[in-house]
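By convention in this document, chain letters (A, B, ...) are assigned in the order of the sequence lines, proteins followed by strands, and residues within each chain are numbered from 1. None of the values given here were measured: they were computed from a predicted structure.
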Amino acid sequence: MSFGVWLLMSSIPFEQQRAIALVDCNNFYASCERLFQPQLSNRPIVVLSNNDGCIVARSNEAKALGIGMGTPLFKVKDEIKKYRIAVFSSNYTLYGDLSKRVMDTLKTFTPNVEVYSIDESFLDLAGFEHHNLQQYGEVMRKTVMQWTGIPVSIGIGSTKTLAKTANHLSKKSPTHNGVLNLNAVHDLTAVLESVAIQDVWGIGRRWSDRLHQMGIHTARQLRDADTNDLKKRFNVILARTSQELRGIPCIELEEEQPDRQQIISSRSFGERIEQIHPLQQALSHFVSRAAAKLRKQHLQARHISVFIQTSPHSKDPVTDPYYKNSQSTRLSTPSDNTGELIQHALQLLEQIYQPGHRYLRAGIMLSDLTPYAQRQGDLFAPVVQKSDNNPLMQALDNINQKMGVGTLRYASEGFGGHWQMRQSRKSPRYTTRWDELAVVR
DNA sequence: TCTGGGGTCCTAGGACCC
DNA sequence: TCTGGGGTCCTAGGACCC
């Protein structure tokens with residue numbers, strides 16, 4: 001951009017304030033479960049992490065009972081009985097499908113949508129200034145509820161961080177009708193003063209502790225802190241957050257999903273594993289899942305790593321010491337071939353496996369990913385057909401897509417051993433399986 | 001007894017190059 | 001005998017997010 005053009009743009013006196021909305025599904029997993037079991041409408045609900053380990057979602061009733069996010073299930077057993085809390089294993093097939101319905105609904109309100117996570121989207125409302133954004137948000141909210149049955153909250157601000165803040169506030173206070181537009185409030189400073197520093201997007205435990213020590217306790221104080229000082233004492237990320245609170249956009253909307261940089265597949269086991277054989281099966285399974293994901297995105301991996309670990313919560317460090325290790329290797333040429341990647345993974349496992357430990361968790365990571373279309377061959381290796389041209393991988397993916405994940409698999413994955421995770425309270429896949437549809441009498 | 005999984009970005013420091 | 005300085009790439013680790 002030439003200097004003249006820059007001058008011209010920056011001198012436009014009444015530049016339109018940007019408007020970004022953050023739409024967030026309320027207690028998303030709990031809301032999904034409730035949708036198909038309306039008899040639970042006033043009962044507390046919690047949804048568990050993989051392996052039924054800890055609580056990752058709570059309905060408002062469960063929150064009101066003081067059930068904390070991330071609490072291990074066994075610690076709240078009494079409360080669950082006492083208050084008849086409904087408990088579900090996580091059902092990602094169901095949540096993923098309902099998420100897509102919500103996002104599709106939102107896309108009818110503006111074409112510029114960044115799906116930020118399974119239950120959140122940023123919407124660019126530029127060009128909607130002639131609307132009353134408060135009302136527009138309320139219509140959005142009503143429509144999503146009517147079309148999908150999922151309640152959402154909406155926050156609007158001139159940057160992503162302010163939109164996040166608005167969303168946080170809209171949930172806290174019922175007077176906003178689930179929609180809060182910070183662009184329209186009279187005293188933004190007072191509003192930001194009411195937001196605790198740890199509730200600002202991008203400020204986690206560590207940083208909020210350090211900020212408190214520096215005397216910065218609220219969003220307003222972070223907004224007014226010296227940018228260079230923040231950059232020096234923390235890093236540019238925090239400096240950007242401060243700028244965003246000032247209304248200076250530093251984090252752009254990303255409508256196009258960038259290519260993945262890594263794909264991880266890992267799990268805690270249903271039972272502890274000591275032998276190498278079930279570990280081999282589990283890792284083969286993890287590689288299969290990751291490789292399928294890789295092919296779905298038309299990527300190939302150049303780097304693979306394997307990790308295994310015992311429980312960090314072991315009671316006796318002498319008989320049951322904590323052990324974790326990982327090993328990785330660089331492939332001579334990028335691959336998306338499940339069989340080839342399994343071979344590498346199992347070789348890496350040999351290098352780090354130590355007998356005598358009770359392993360709790362293992363996983364693999366594929367990284368250094370490049371699009372298949374841009375692959376570079378190995379000058380000295382025989383030409384191997386991969387991905388799109390590989391009929392075996394194609395057939396594998398096609399069959400598994402039609403008949404269900406895991407229908408066709410590598411023998412090294414075995415047939416379901418102890419390593420498989422516990423999911424004792426999973427609801428049906430109401431919206432994606434014919435044989436699990438809800439029945440109306 | 002029982003404590004998730006999958007991502008991103010940034011920085012510091014070492015190896016290496018010219 | 002005297003032995004620089006600037007740059008890039010890679011990796012590990014730390015912080016964050018949902």
Side-chain angles (χ1 to χ4, degrees), chain A residues 22 24-25 27-29 46-57 68-78 80 87 89-92 95-96 99 114-122 160-161 164 167-168 197-211 230-241 250-252 254 257-272 286 289-290 293-294 297 302-303 305 307 309-316 320 322 326-330 358 360-369 421-425:
Chain A
L22 177 73
D24 186 313
C25 301
N27 315 324
F28 184 52
Y29 298 169
V46 298
V47 180
L48 305 177
S49 62
N50 280 322
N51 244 334
D52 293 348
C54 31
I55 288 162
V56 294
M69 176 73 172
T71 314
L73 178 62
F74 71 90
K75 284 194 179 166
V76 287
K77 258 184 142 173
D78 295 342
I80 286 179
V87 180
S89 302
S90 38
N91 182 346
Y92 288 107
Y95 311 150
S99 167
E114 174 191 341
V115 177
Y116 177 68
S117 74
I118 194 164
D119 67 339
E120 275 175 68
S121 271
F122 286 103
K160 279 183 158 181
T161 304
K164 267 277 192 183
N167 185 277
H168 170 77
I197 192 73
Q198 58 270 20
D199 293 334
V200 175
W201 186 42
I203 311 293
R205 260 295 303 281
R206 298 297 168 94
W207 287 3
S208 71
D209 285 354
R210 275 176 63 190
L211 286 164
L230 290 176
K231 205 185 282 181
K232 232 183 288 164
R233 295 167 82 153
F234 293 82
N235 59 19
V236 297
I237 300 183
L238 190 72
R240 283 205 281 251
T241 298
C250 304
I251 309 170
E252 291 305 316
E254 286 176 28
Q257 281 236 348
D259 279 335
R260 290 249 158 280
Q261 301 195 11
Q262 52 181 231
I263 293 174
I264 296 174
S265 178
S266 74
R267 280 279 180 281
S268 294
F269 304 127
E271 293 171 25
R272 301 285 192 273
F286 299 149
R289 292 185 354 155
K293 233 187 235 181
L294 199 61
Q297 300 177 42
R302 183 99 201 240
H303 202 93
S305 66
F307 53 91
Q309 68 177 87
T310 61
S311 170
H313 305 285
S314 161
K315 294 280 177 291
D316 189 342
D320 206 2
Y322 183 46
S326 68
Q327 189 59 258
S328 66
T329 187
R330 189 178 159 80
R358 302 171 65 233
L360 168 73
R361 189 175 131 88
I364 66 112
M365 178 169 88
L366 303 176
S367 54
D368 200 348
L369 308 183
M421 63 178 178
R422 276 188 308 268
Q423 272 194 316
S424 58
R425 306 156 194 252

Kindly point out which of [options] is positioned nearest to the side chain of [X]?
{"X": "A/W207", "options": "C/dC16, C/dC18, B/dC2", "value": "C/dC16"}
{"X": "A/I263", "options": "B/dG4, B/dC9, B/dG7", "value": "B/dG7"}
{"X": "A/C54", "options": "B/dT3, B/dG5, C/dA15", "value": "B/dT3"}
{"X": "A/L360", "options": "B/dT3, B/dC9, B/dG7", "value": "B/dT3"}
{"X": "A/R260", "options": "C/dC16, C/dC18, B/dG7", "value": "B/dG7"}
{"X": "A/K164", "options": "B/dT3, C/dC18, B/dC10", "value": "C/dC18"}
{"X": "A/R267", "options": "C/dA15, B/dG5, B/dT8", "value": "B/dG5"}
{"X": "A/W201", "options": "C/dC17, B/dG4, B/dT3", "value": "C/dC17"}
{"X": "A/V236", "options": "B/dG4, B/dC10, B/dT3", "value": "B/dC10"}
{"X": "A/R240", "options": "B/dC10, B/dT8, B/dC2", "value": "B/dC10"}

Classify the nucleic acid contact of [X] as base, sugar-phosphate or nothing, counting any heavy atom under 4.0 Å across all strands shown.
{"X": "A/S311", "answer": "nothing"}
{"X": "A/F234", "answer": "nothing"}
{"X": "A/D52", "answer": "nothing"}
{"X": "A/I118", "answer": "nothing"}
{"X": "A/R272", "answer": "sugar-phosphate"}
{"X": "A/Q261", "answer": "sugar-phosphate"}

Whole-Å distance separating the [atom1] atom of [X] from the [atom2] atom of [N]:
{"X": "A/M69", "N": "C/dC17", "atom1": "CE", "atom2": "C1'", "value": "11 Å"}
{"X": "A/R205", "N": "C/dC17", "atom1": "CZ", "atom2": "P", "value": "12 Å"}
{"X": "A/I264", "N": "C/dC17", "atom1": "CD1", "atom2": "C1'", "value": "14 Å"}
{"X": "A/D368", "N": "C/dC10", "atom1": "CG", "atom2": "C1'", "value": "11 Å"}
{"X": "A/K160", "N": "C/dC18", "atom1": "NZ", "atom2": "P", "value": "12 Å"}
{"X": "A/E114", "N": "C/dC17", "atom1": "CD", "atom2": "P", "value": "16 Å"}
{"X": "A/K231", "N": "B/dT11", "atom1": "NZ", "atom2": "P", "value": "9 Å"}
{"X": "A/Q423", "N": "B/dC2", "atom1": "CD", "atom2": "C1'", "value": "16 Å"}

Separation of [Y] [atom2] from [X] [atom1] (nearest 0.5 Å):
{"X": "A/L48", "Y": "A/I55", "atom1": "CG", "atom2": "CD1", "value": "6.5 Å"}
{"X": "A/S49", "Y": "A/M421", "atom1": "OG", "atom2": "CE", "value": "9.5 Å"}
{"X": "A/R330", "Y": "A/D368", "atom1": "CZ", "atom2": "CG", "value": "5.5 Å"}
{"X": "A/R210", "Y": "A/R233", "atom1": "CZ", "atom2": "CZ", "value": "8.0 Å"}
{"X": "A/Y29", "Y": "A/I118", "atom1": "OH", "atom2": "CD1", "value": "4.5 Å"}

**Q.** Of A/M421 and A/D259, the one whose closest DNA chain B nucleotide lies more 5'
**A.**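 Its nearest nucleotide lies further toward 5', so the answer is A/M421.
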
Contacts of A/N50 and A/R358 projected onto DNA chain B by closest heavy atom; the upstream (5') one is A/R358

| task | Given salt bridge (charged side-chain N to carboxylate O under 4.0 Å, His left out), test A/K164 with A/E120 step by step and report yes or no. | result | CA-CA 10 Å; A/K164 267 277 192 183; A/E120 275 175 68; 2.6 Å; yes

Within the 3.5 Å criterion, strictly below it, is a donor on A/D52 or A/S424 matched to an acceptor on the partner's side chain?
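Note: A/D52 and A/S424 side chains meet the donor-acceptor criterion.
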
Distance test, side-chain N/O of [X] to OP1/OP2 of [N], below 4.0 Å:
{"X": "A/T71", "N": "B/dT3", "value": "no"}
{"X": "A/R422", "N": "B/dT1", "value": "no"}
{"X": "A/R361", "N": "B/dT3", "value": "no"}
{"X": "A/S117", "N": "C/dC17", "value": "no"}

Taking the same atom, C1', in C/dG4 and in B/dC16, what whole-Å distance lies between them?
15 Å

